[in-house]
Amino acid sequence: NFQMKKYSIESFLEQTAQKDQGDLFFEQEGERMLEINLNGNDASTVWIKRGKMIAYRGEVSFKREGVLEQGLGKLLKKQLTGEGVSLMKATGAGKIYVADTAKKITILDLTDDTIFVNGNDLLAFAPTLEWDIKMMKRISSMVAGGLFNVQIGGNGVVAITSHGTPMTLEVTPDNPVFTDPNATIAWSGNLETNFKTDVSIGSFLGRGSGESFQMKFEGTGFVVVQPYEEVYSPNMS
């Protein structure tokens, strides 16, 4: 019987089985799942956004971000920004599967690069990368929660997430870009960022833009936006 074969457990297992893509540190398992390969040697540690691991195999241990390890400055900034960038460290040898509410995952391999990622869109990154939480100028009084970002730089892989397929906009000195803050997921580290208030355009730029607030990017670089205005709460994790 064709229907019984099509919907059998064997058929289901065949269609949904995890497929090894290779042995790179970060591998995409489809568009919405990240496979992290810890080999127990060079790639034996990874930072993951807390609460986003869905499965693992192997000898792997997990630890919440330590106060002393990351320093008091980051801890204080974390208190200001809620739980949106709460991290955990995984160490050992095995495979970890990570996802975030079925958002699409993009892997970027940085080579002496610096990018900024919205704290809500950071999923995982290599321990070789330097990171710090950055507060936007005047942000606390303008938007409630969620709109802080993480500066990531150096050499290594980072995985970011987006609702839908992301789009990259080029920024040049004579052509700045304005975006809805809640649709902005990342940008290159050399751009000058600011918030612009324009009452006349506020209600036209995305439902989640906090009425009249826009992000303004100037310089030479790129901005990554998603086709979705994500509204954040201060304690989102």
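- One finds the CE atom of M88 at 10.5 Å from the NZ atom of K52 (value rounded to the nearest 0.5 Å).
- The backbone N or O of F222 lies less than 3.5 Å from a partner atom in the side chain of S188, making a donor-acceptor pair.
- Scanning both residues, A90 and I96, for their nearest heavy atoms gives CB-CD1, 3.5 Å.
- L129 and I36 are assigned to two separate hydrophobic clusters, defined by single-linkage of ILVMFWY side chains at heavy-atom distances under 4.5 Å.
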**Request:** Might you work through the side chain to side chain contact (heavy atoms under 4.5 Å, CB included) test for M167 and V224, ending with a clear yes or no?
**Result:** CA-CA 6 Å; M167 178 180 71; V224 188; over 6 Å; no

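- A heavy-atom distance below 4.5 Å is found between the side chains of N37 and E27.
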**Item:** CA sep, side-chain torsions, deciding dist, call: T45, K89, side chain to side chain contact (heavy atoms under 4.5 Å, CB included)
**Value:** CA-CA 7 Å; T45 300; K89 177 187 275 188; 3.5 Å; yes

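- Distance check: T101 OG1 to N120 CG gives 10.0 Å after rounding to the nearest 0.5 Å.
- The shortest distance between side-chain heavy atoms of I185 and P166 falls below 4.5 Å.
- Scanning all heavy atoms of the two residues, the minimum distance from I54 to A99 falls at CD1-CB, 4.4 Å.
- One N or O on the side chain of S162 and one on the backbone of G164 form a donor-acceptor pair closer than 3.5 Å.
- Qualifying side chain to side chain contact (heavy atoms under 4.5 Å, CB included) partners for N39, counting only residues two or more places apart in sequence or in other chains: N41, A43.
- Of the possible polar contacts, none joining the N155 side chain to the T128 backbone as a donor-acceptor pair under 3.5 Å is found.
- Hydrophobic clustering of Ile, Leu, Val, Met, Phe, Trp and Tyr side chains at less than 4.5 Å, counting indirect connections, keeps I107 apart from V158.
- The shortest side-chain heavy-atom distance between V223 and T184 falls under the 4.5 Å cut-off.
- With ring centers used as reference points, W187 lies under 6.0 Å from F217.
- The aromatic rings of H163 and Y228 sit parallel, their planes meeting at an angle under 30°, below the 60° perpendicular limit.
- The distance between the ring centers of F62 and Y56 falls below 6.0 angstrom.
- Between L38 and V60, some side-chain heavy-atom pair lies under the 4.5 Å cut-off.
- Annotation: side chain of I152 is in contact with side chain of L110 (closest heavy-atom distance under 4.5 Å).
- In the hydrophobic clustering of ILVMFWY residues, with side-chain heavy atoms under 4.5 Å counting as a link, M53 and M33 come out apart.
- Atom OG1 of residue T193 and atom CZ of residue F116 lie 7.0 Å apart, to the nearest 0.5 angstrom.
- F25 is listed as a side-chain neighbour of V46, based on a closest heavy-atom distance under 4.5 Å.
- Residues D121 and K103 are paired through a salt bridge, judged by an N-O separation under 4.0 Å between the basic side chain and the carboxylate.
- For the atom pair CD1 of I160 and NZ of K49, the computed distance is 12.0 Å after rounding to the nearest 0.5 Å.
- Note: W47 CH2 to L122 CG = 11.5 Å, rounded to the nearest 0.5 Å.
- Using a 4.5 Å heavy-atom cutoff, the side chains of R50 and L87 are not in contact.
- For the residue pair A159 and L34, the shortest heavy atom distance occurs at CB-CD2, 3.7 Å.
- Put simply, the side chain of I48 does not reach to within 4.5 Å of the side chain of L123, judged on heavy atoms.
- Side chain of Q28 to main chain of I105: a donor-acceptor pair is present (N/O by atom type, distance under 3.5 Å, no hydrogens or angles).
- Expressed to the nearest 0.5 Å, how far CD of Q226 lies from OG1 of T179 amounts to 11.0 Å.
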